[in-house]
Amino acid sequence: VTPGKSPGLHGQILDLDGHVMFDHEVVAELLGEELAGPLVRWMEPLTSAVTPELRGDARARAIEDIGSVKGFLALGAVDVDDRLSALDCLGIARQLILPPVSWPALDAAGPRGALARERYNAWISEWAAATDRLVPAAVLAMIDPETALDEAEAIAAAGFTAVEVPFAFPPGGRSPGDAAWDPLWSLLTDHEMSVVLHLGGAGPGAAVAQPRSFLDSGWFDIAHLQPPEFPASMAGLRENAAAGPVSLATLHVPAEVFCTSLILGGALERHPDLMVLVLEMGAQWVASWVERLDGVARSYKAYGLEPLTSLPSEVIARQVRVTPFEANDVASWIERDGLSDVYTFASDYPHAEGGRDPIGRLSANLSRLGPETTKRFFVDNAAPILGRSTLVGRA
Amino acid sequence: MTANDTARALIAMDDPTLRAEVAAVGAEALAAFGLDDDELGLVIAAARSGEDDDTVGFGAFAPPYVPMGANISLLQAVRYVEDGQLNSATRSDFTAFTAKLGAQGDW
């Protein structure tokens with residue numbers, strides 16, 4: 001495989017966002033009949049035509065140019081050995097692995113939802129079992145603290161390093177910073193598991209409509225911004241396009257609210273080793289958010305209330321990681337606002353929207369800040385999540 | 001001068017060398033396909049779509065980056081073909097072509 005461009009860190013890069021691209025038949029098997037329908041209908045036109053010949057042709061082209069073939073035909077879309085070849089080419093040491101698209105069972109209540117999560121967690125655990133370089137996140141619902149704790153105990157026993165949680169609504173009807181959730185955060189901390197918020201987990205940005213959405217879809221319903229008709233062969237993608245620019249500009253809002261509630265509720269301060277990852281929602285919002293949280297914390301202190309003993313900015317630098325998009329001018333943000341401990345690399349491989357060469361593009365952007373800052377972005381900031389000792393035990 | 005010819009041109013441009021040539025020189029590179037001016041416009045625009053965009057092909061239409069604009073030209077060309085009359089061999093090839101585009105996020 002042709003080596004990729006790497007910022008002098010080839011083979012060391014830690015990647016907080018990768019996806020396993022299994023097809024609609026696996027989706028149907030894992031989700032079950034009741035939950036699989038919309039996602040299978042969305043995915044089937046994209047995956048049903050994938051023949052061994054197509055995959056072989058795509059594989060040959062990807063070996064020549066890793067960035068040119070993405071999606072379900074990418075090198076290592078679902079084959080573990082090929083994924084490791086792709087990581088070698090890109091210079092990635094370890095990659096956090098999430099479902100192909102936002103997982104509909106992420107917050108599904110009832111036994112069918114629990115079973116679908118259990119099946120996915122078992123599948124992905126087995127898929128990645130042969131290597132410590134592919135680090136799967138389990139899916140964990142937060143329907144109520146007791147049920148979540150039960151699910152988390154099973155996830156911990158299976159050796160996971162991260163859990164993806166929904167954030168479309170206050171979990172269990174209350175803040176994630178409420179003490180009722182402390183047993184869950186303690187369990188995750190004890191097992192060195194990070195909390196993942198990924199695009200789609202709150203509704204907007206998901207491939208298919210989620211059962212609950214943080215933002216009412218009416219906010220996106222603007223007649224003159226509706227996309228044109230799509231080709232019949234790609235009609236399913238029009239639904240995604242329909243959310244349009246309002247959705248794109250507000251992707252981060254649910255995660256900002258979730259993290260605000262979590263942090264000002266004191267949960268991260270009470271669990272100083274618990275890491276929270278905010279993935280694929282951009283990072284332009286981070287600096288103003290940190291400034292606002294510090295301001296709020298200071299003003300409440302003036303009234304005799306202390307949401308935190310530390311400033312939120314200190315908690316965030318220690319425990320929150322946010323992944324910019326590959327086209328973002330991260331260097332200018334760091335020059336202006338600092339926060340170099342927070343911004344962290346994610347490729348989104350093999351999703352096409354991750355770009356042709358995210359490592360090359362972001363390393364070029366960061367180069368003027370010097371090798372130490374570049375290494376922090378590509379390696380060090382993710383080390384508390386992907387560099388933990390438990391990974392060795394999984395191998 | 002038919003949707004069938006346009007389909008053949010789009011399928012042929014799955015070869016990145018030809019696609020780059022069409023993007024660079026335009027109609028001259030498509031002389032073998034017998035396209036009319038409107039069809040040439042569609043195909044050349046499709047060849048040039050995404051050239052300045054780091055997003056890979058139909059990835060421009062994957063959530064949440066939709067629709068970012070560059071590949072509207074490719075979509076329009078595909079729609080034109082789908083709305084037209086194709087012979088059975090071309091229809092079969094074109095169906096496989098669009099399925100491949102969707103699956104690999106390439107082009």
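Lettering of chains follows the sequences in order, A, B, ..., and the numbering in each one begins at 1. All values below come from the heavy atoms of this structure, side chains included, with hydrogens, waters and symmetry mates left out.
Looking at A/Asp57, only its side chain comes within 4.5 Å of chain B, counting heavy atoms on both sides.
Closest heavy-atom contact between A/Pro231 and B/Val78: CB-CG1, 3.5 Å.
In this structure, the separation between NZ on B/Lys100 and OG1 on A/Thr51 is 9.5 Å, given to the nearest 0.5 Å.
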